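Reading through the structure tokens given below for one structure.
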There are 2 protein chains.
Amino acid sequence: MPNSKPTPVTMDAVYTAPGYLFRRMQQIAVALFIEECKAFDLTPVQYAALVTISTHPGIDATRLSAVIAFDRSTLGNVIERLQAKDYIVRKPAAEDKRVKLLYLTKAGAGVLSEIMPSVDKAQARMLQPLKPADRKTLLSLLTQLVDLNNEASRVPLRAEDALEHLGRSG
Amino acid sequence: MPNSKPTPVTMDAVYTAPGYLFRRMQQIAVALFIEECKAFDLTPVQYAALVTISTHPGIDATRLSAVIAFDRSTLGNVIERLQAKDYIVRKPAAEDKRVKLLYLTKAGAGVLSEIMPSVDKAQARMLQPLKPADRKTLLSLLTQLVDLNNEASRVPLRAEDALEHLGRSG
DNA sequence: GCCACATTGTGAGTATACTGTCAATTAAAT
DNA sequence: ATTTAATTGACAGTATACTCACAATGTGGC
């Protein structure tokens, strides 16, 4: 007869799971971002969107979602909030009546350059508890892992280069 | 005169930020969990709650939130959903009329033992792209980082041991 | 014993993050 | 050229994740 004794469930089933650790670390990252940047009315996602619109003026929502790997539906709300804060404007495209092109406003460019030091401080604080060498190691492994798992995510990241082509041909 | 040329903003301000990488990895982790466990109607958070109620029968919502470091308000909804699925029951405590004690139902215990292999598969898939040695390194650094940053998170984790005392004295 | 304080669960409100679906529009197939 | 496909932005619905606030309850100071 097989050993039918069930394996006892322990909290290790949670605490040692990489998924749990990634969730915790994400929560910590957001908390540190909000704390360092509380002088600015910007969330981490809104910051990423703002940076991308800054480096890709005239990008549309679908392409923006691909460049930062955020869900398209979610991004719709993010864009609305950024627009409500007067950090971006949406202009209809001449060639394609479906798309709305995104541009930074002066206020958007201003808040972006002002918030940068605080963002850097928050990012540094996340890794601060580790030794410098360990920070580099973790960042390197994490970068690899995100890249290698790209297709596993619901909204894979499509690099900026790839988008140039996607824009016209497909 | 100082060099007033503004630093040009690049996508590195997003792509190399640890916070962005943690967000991406969390999204990937959830996507893999959902994919592997789609036969079971359980989210990662619901799974963690179920495991904890299993190992701490009669725990209350506040203590549960401390043990898995999830927000108390969020957990209220999670508990409601678990109860709606008949995986847990809530019983009023005799000594304290405010608290409601949480217990697994038979169905809850059943789904928990059944889902375990799929959860393990999902957790393994997350790190699969890395070499075994790198997986160990990443997991070790991540565990350290979450632990060392514990107080930075909005809902710091309070270990099970600490809760025994908290339960009575304060 | 009473009063200030803390705790518990709950609710409202905001922001991600995903699933669908849908109409309008464009592109592709033939 | 007309039917078919795909794309775009929008919306509804669900699930985290946080904020603040509130009533009910419990506890400690005195």
Side-chain angles (χ1 to χ4, degrees), chain A residues 19-20 23-24 26-35 38 41-49 59-66 68-85 90 92-102 153-155 166-170, chain B residues 19-20 23-24 26-35 38 41-49 59-66 68-85 90 92-102 153-155 166-170:
Chain A
Y20 175 76
R23 176 183 300 273
R24 286 278 289 132
Q26 211 267 322
Q27 290 174 346
I28 290 165
V30 171
L32 289 175
F33 184 104
I34 297 295
E35 191 181 318
K38 61 172 176 288
D41 190 24
L42 271 188
T43 66
V45 168
Q46 288 167 16
Y47 164 77
I59 197 173
D60 62 280
T62 297
R63 246 143 297 274
L64 175 56
S65 94
I68 50 181
F70 291 167
D71 182 78
R72 213 159 51 104
S73 295
T74 304
L75 213 50
N77 304 325
V78 175
I79 287 171
E80 262 178 37
R81 281 173 216 119
L82 285 176
Q83 195 174 20
K85 293 177 194 172
R90 271 195 281 197
E95 337 82 54
D96 191 331
K97 270 179 267 183
R98 291 169 305 178
V99 311
K100 298 180 181 176
L101 307 180
L102 304 170
S153 98
R154 292 299 165 143
V155 185
L166 281 175
R168 298 286 139 246
S169 54
Chain B
Y20 174 76
R23 175 181 301 273
R24 287 277 290 134
Q26 211 268 323
Q27 289 174 346
I28 289 165
V30 172
L32 289 175
F33 183 105
I34 297 296
E35 191 182 319
K38 61 172 177 290
D41 190 23
L42 271 190
T43 66
V45 168
Q46 288 167 15
Y47 164 77
I59 197 173
D60 62 278
T62 296
R63 246 144 295 276
L64 175 56
S65 93
I68 49 181
F70 291 168
D71 182 78
R72 212 158 52 102
S73 294
T74 304
L75 213 51
N77 304 325
V78 175
I79 288 170
E80 263 178 38
R81 287 187 269 276
L82 285 175
Q83 194 174 19
K85 293 177 194 173
R90 272 195 281 196
E95 336 83 53
D96 191 332
K97 268 179 270 184
R98 292 170 305 178
V99 310
K100 297 179 180 175
L101 307 180
L102 304 170
S153 100
R154 294 296 166 145
V155 185
L166 282 175
R168 298 285 138 246
S169 53

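First the proteins, then the strands, lettered A, B, ... as listed; each starts at 1. Every value quoted in this text rests on a predicted model; they were computed, and no experiment measured them.
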Exercise for review: Round to a whole Å and report the spacing from CD1 of B/Ile34 to C1' of C/dC18.
Suggested key: 9 Å
Check your understanding: Looking at the side chain of B/Lys97, which of C/dT26, D/dC18, D/dG26 is the nearest nucleotide?
Key -> D/dG26
Check your understanding: So, are A/Lys100 and A/Asp60 salt-bridged, with charged N and O less than 4.0 Å apart?
Key -> no
Practice item. Heavy atoms only: give me the nearest A/Phe70-A/Ala48 pair and the separation to one decimal. Key: CE1-CB, 4.0 Å
**Study point:** Separation of C/dG11 C1' from B/Ile79 CD1 (nearest whole Å)
**Key:** 15 Å
Review point. Checking only heavy atoms, does the side chain of A/Arg98 share a donor-acceptor pair with the base of C/dT26 at less than 3.5 Å?
Key: no
Exercise for review: Give the nucleotide from the list D/dT25, D/dG9, C/dT16 with an atom nearest to the side chain of A/Gln46.
Suggested key: C/dT16
Check your understanding: What is the distance from CD1 of A/Ile59 to P of D/dT8, rounded to the nearest Å?
Key -> 11 Å
Review point. How is B/Asp71 classified with respect to the nucleic acid when contacts are heavy atoms under 4.0 Å: base, sugar-phosphate, or nothing?
Key: base
Check your understanding: Ignoring hydrogens and geometry, is there a side-chain-to-backbone donor-acceptor pair from A/Tyr20 to B/Ile68 under 3.5 Å?
Key -> yes
Review point. Could you state the CZ-P distance from A/Arg72 to C/dT21, rounded to the nearest angstrom?
Key: 14 Å
Point to revise | N/O donor-acceptor pair, side chain A/Thr43 with base C/dT16, under 3.5 angstrom | key: no
Exercise for review: Classify the nucleic acid contact of B/Val30 as base, sugar-phosphate or nothing, counting any heavy atom under 4.0 Å across all strands shown.
Suggested key: nothing
Exercise for review: May I ask you to verify if any side-chain N or O of B/Arg90 is less than 4.0 angstrom from the OP1 or OP2 atom of C/dT8?
Suggested key: no
Review point. Where each residue is assigned the nucleotide of DNA chain C containing its nearest heavy atom, which of B/Asp96 and A/Ala69 is assigned the position nearer the 5′ end?
Key: B/Asp96
**Study point:** Phosphate-side-chain proximity, A/Gln26 and D/dT16, N/O vs OP1/OP2 below 4.0 Å
**Key:** no
Check your understanding: Nearest of D/dA10, D/dT16, C/dT16 to any side-chain atom of A/Lys100?
Key -> D/dA10
Check your understanding: Taking the side chain of A/Asp60 as heavy atoms from C-beta outward, which of C/dA15, D/dG9, C/dT8 is closest to it?
Key -> D/dG9
Check your understanding: Roughly, in whole Å, what's the span from CD in B/Glu80 to P in D/dT16?
Key -> 12 Å
Point to revise | Whole angstrom value for the distance that separates C1' of C/dG13 from CG of A/Asn77 | key: 15 Å
Check your understanding: Is a donor-acceptor contact shorter than 3.5 angstrom present between the side chain of A/Thr62 and the base of D/dG9?
Key -> no
**Study point:** Heavy-atom closest contact (A/Asp41 atom, A/Lys85 atom, distance)
**Key:** O-NZ, 2.7 Å
**Study point:** Pairing nucleotide - C/dC18, Watson-Crick or G-U, each distance under 3.5 Å
**Key:** D/dG13
Point to revise | Minimal non-hydrogen separation, B/Ala49 against B/Leu64, with atom names | key: O-CD1, 4.2 Å
Point to revise | Side chain of B/Ser73 - closest among D/dT19, D/dG26, D/dT8 | key: D/dT19
Point to revise | Syn/anti state for C/dA6 [syn: chi within 90° of 0] | key: anti
**Study point:** From C/dG9, C/dT16, D/dA10, nucleotide with atom closest to A/Val78 side chain
**Key:** C/dT16
Exercise for review: Return yes if a side-chain donor-acceptor contact under 3.5 Å exists between A/Gln46 and A/Arg81, otherwise no.
Suggested key: no
Check your understanding: Once you round it to whole Å, what is the distance between P of D/dG9 and CZ of A/Arg63?
Key -> 8 Å
Practice item. Can you tell me the distance, in whole Å, between the NZ atom of A/Lys38 and the P atom of D/dC18? Key: 17 Å
Review point. What nucleotide among D/dT16, C/dG11, C/dT10 has an atom nearest to a side-chain atom of B/Val45?
Key: D/dT16
